There are 2 protein chains.
Amino acid sequence: MDDLGQAGGTEPGDAPVRAARIQDVARLADVSTATVSRALATPERVSPEARARVLEAIAKTGYVPNPAARTLRSQKTYMVLVVLPDLANTFFSKILRGIEETLFEAGYGMIISDLDGSPEKEAHFAAFTAAGRVDGAILLNGHLFGQSREGEGQPARIGIPLVALCEAIPSADIPHIEIDNRAAASRMTQHLAGLGHRRIAYVSGPANNILERERFLGFKDGLEAAGLPFDPALVIPGDYTIESGVAAGQGLVARTTRPTAVFCTSDEMAIGLMRTLLSAGLRVPEDISVAGFDDIEFAAVAEPSLTTIHQPRRELGQAAATVLIDLLQGRPAPKQIRLETELVIRNSVAPPG
Amino acid sequence: MDDLGQAGGTEPGDAPVRAARIQDVARLADVSTATVSRALATPERVSPEARARVLEAIAKTGYVPNPAARTLRSQKTYMVLVVLPDLANTFFSKILRGIEETLFEAGYGMIISDLDGSPEKEAHFAAFTAAGRVDGAILLNGHLFGQSREGEGQPARIGIPLVALCEAIPSADIPHIEIDNRAAASRMTQHLAGLGHRRIAYVSGPANNILERERFLGFKDGLEAAGLPFDPALVIPGDYTIESGVAAGQGLVARTTRPTAVFCTSDEMAIGLMRTLLSAGLRVPEDISVAGFDDIEFAAVAEPSLTTIHQPRRELGQAAATVLIDLLQGRPAPKQIRLETELVIRNSVAPPG
DNA sequence: CGACCCTATGTAATCGATTACATGCAACTT
DNA sequence: AAGTTGCATGTAATCGATTACATAGGGTCG
């Protein structure tokens, strides 16, 4: 008896239960569809009695506005695209969570694009945003869509609010949320130097990466502040992955004169590198100190536990989402937010033997 | 000169460049909108000449169909919801990648819902699917929406295709993709017993969790196959997190008689547990062997490297997405897929001292 | 008391595609 | 030659909301 109660024309029958539409609610509440719509969007512009009847009818029918129809008319999707280079990378997952929870509270959904280094995907997602499937985007990949084909007249005018997270996009005039990578790297370098290390190796991130450039500058800053010379032979290429840390470790093991400390610009690399050193019979930190960057979950439980730079990942995500939402809703938003990092001292670093 | 070329009524001017609509393409190609639509959806039903003109016009205008309009009319969103309990958990990220890449190839987008244990969120996403924002969903959380309020007459009739991944949903008649948790746990237990361990501890997952139940049964199977008695005192509660592994380790360290081997049902717990044992001065594997489950990236570079059960995570994601896509497109799909696991022998397990 | 304004509501246009149905024409059948 | 079939295409209804505009009624003010 208390099912839909389909009044008017069509025979109810046992047909597949279609979702209630605004029409059904309007009929049940004895108002027009316009009033139903207003009762939801601008309650103060509807009389209390009508509002009550509408809400009752909504409860009875289980009405949920059809998002496609709403989007078509209002040109708002309440969806945000998050673009990231590698979904499987531990570093991003907690950031994502910060983003997701903030968006959720504001009524936005999140669509994730894992670029995976594929230009094909990038083009796809450029089309995606162009087609108006999302109201805005958060970019964690350090560049805009279609950066590759630069000269072609369409210099990535996406036309929706964008926010850069972690990796500021140099040429673009969009807000970015970040940590002070340069200062943090400098601080770690000085920490190592302060313990007495003179030969400090640096395991880099991917070349051309903004983070890498900043951290590398910070490393040199730190050396200079400590009065140490910069030695290019102590720069080891990496790409933030465990595997590249392992490879860097193998290179170190093979050397005759080794650095007394290694600063890895990601925890993954640091953990991979420690693994290789330990397997080769070297002791950490007695024979060689190892420092990381990021403070991922596993840094605290690595053996030895990892001295690293803590990044407030969840907060970074929250901040990016907050800024984007402000932009979407026409509120002013800061052009740049810089969150504090923290030097976390654990057991993988000690004074040189 | 070669911009939109807005024929007919409205003055072009320098107004904000609106996205091209099907109307614009139709006018430019000198056909009706129906033909444009058909040229894209069913090319074989359009003459080659018309098709060529349409494609040319599309290229010229940069036309991309408006998804909201398309969805509104065709009731298809080309979006899939992925529901998972914890986005920040390493275990899921590679699965997600498998899902994402498969969906992407088939032209589907992915919306992620990180439930985060919040019933509020669950309700929200139930409404989400009910509102028709997605064509289907992949559930990694082990239960359907609204499982809590069972008796209330609406037993989670979502009405869209669903696929369960990893954690089969007992009461629901939906396809599930999984590994044979019970057999894998039994195998690991027998491996430990085969090395001579008689007192094997078991660090569990969360109570009521389906995975946990299966693995626990497998553990008992393994003991029985090895002719070992089951001792409830050797079952230590956990919840798959690093922290619970650390806690389990603290419990072990405090004991007077310890097991000679510990089987942790996640790598996170195993790594946290090893950390605690090592800090307490115990040696792994000499004093105590530790085994994990999942084979996450860090298992290979833990110190000591972790003996564990390898789960084909990416493939699990791919399989789930493939099944869902088959369902969405009306093709038959298997009710159950079971992928093979692998016992990975590393250095955290050795015969008892 | 009439002009004016404000509030609550209804009517209907609109968003941009898909698609059922209609139509015109060429080719084929008998 | 008339009828049938089928293809290519166009016309217009439709999906379900939002919202510009119109309108009715009640209150205020000069």
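In what follows, chains are A, B, ... by sequence order, proteins preceding strands, each numbered from 1. Because the structure is a prediction, the values reported are computed rather than measured.
- OP1 or OP2 of C/dG10 has at least one side-chain nitrogen or oxygen of A/Thr35 nearer than 4.0 Å.
- For D/dG10, neither phosphate oxygen OP1 nor OP2 lies less than 4.0 angstrom from any side-chain nitrogen or oxygen of B/Thr33.
- Two residues, B/Pro48 and B/Ala69, neighbour DNA chain D, and the one matched to the more 5' nucleotide by heavy-atom proximity is B/Pro48.
- The residue A/Val36 sits apart from the nucleic acid: no heavy atom pair falls under 4.0 Å.
- Between the CG atom of B/Leu40 and the P atom of C/dA17 there is a distance of 10 Å, rounded to whole Å.
- Counting heavy atoms from C-beta outward, B/Gln23 and B/Val36 have side chains that stay 4.5 Å or more apart.
- A salt bridge is absent between B/Arg53 and B/Asp30; no separation between the charged side-chain nitrogens and carboxylate oxygens falls under 4.0 Å.
- Comparing C/dC15, C/dT18, C/dT9 against the side chain of A/Arg38 picks out C/dT9 as the nearest.
- Distance A/Tyr78 OH to D/dT18 P: 10 Å, rounded to the nearest Å.
- Contacts of A/Ala50 with the nucleic acid, taken as non-hydrogen atoms under 4.0 Å apart, involve only primed sugar atoms and P, OP1 or OP2.
- How far NE2 of B/His176 is from CD of B/Gln336: 3.5 Å, rounded to the nearest 0.5 Å.
- The nucleotide whose nearest atom lies closest to any side-chain atom of B/Ile22 is, among C/dT9, C/dA20, C/dT18, C/dT18.
- Residues B/Asn66 and A/Arg51 both approach DNA chain C. Their nearest nucleotides, taken by heavy-atom distance, put A/Arg51 toward the 5′ side.
- Close to C/dT9, at under 4.0 Å from its OP1 or OP2, lies a side-chain N or O of A/Ser47.
- Note: NZ (A/Lys76) to P (C/dT14) measures 21 Å, nearest angstrom.
- Residues in residues 314-324 of chain A take part in these salt bridge (Lys or Arg N to Asp or Glu O under 4.0 Å) pairs, two or more places apart or across chains: A/Glu101-A/Arg314.
- Heavy-atom distances to DNA chain D give each of A/Arg70 and B/Glu44 a nearest nucleotide, and the one nearer the 5′ end belongs to B/Glu44.
- Separating the OG1 atom in B/Thr35 from the CZ atom in B/Arg45 is a distance of 11.0 Å, to the nearest 0.5 Å.
- Atom CD of B/Gln75 is separated from atom P of C/dA17 by 17 Å (rounded to the nearest Å).
- Side-chain contact check for B/Ile325 versus B/Arg331: some heavy-atom pair is nearer than 4.5 Å.
- Counting any heavy atom pair closer than 4.0 Å across all strands shown, B/Ser37 reaches a base atom.
- When the P atom of D/dT14 is taken as reference, atom CG of B/Leu72 falls 13 Å away, rounded to whole Å.
- The side chain of A/Arg73 places no N or O atom within less than 4.0 Å of a non-bridging phosphate oxygen (OP1 or OP2) of C/dT14.
- Rounded to whole angstrom, the span from the CZ atom of B/Arg21 across to the P atom of C/dC15 amounts to 7 Å.
- Atom P of nucleotide D/dG16 and atom CG of A/Asp24 are separated by 9 Å, given to the nearest angstrom.
- For A/Arg45 and D/dT18, the CZ to P distance is 15 Å, given to the nearest whole Å.
- Here A/Tyr63 does not reach the OP1 or OP2 of D/dG16: none of its side-chain N or O atoms lies under 4.0 Å away.
- Here A/Val46 lies in heavy-atom contact (under 4.0 Å) with sugar-phosphate atoms only.
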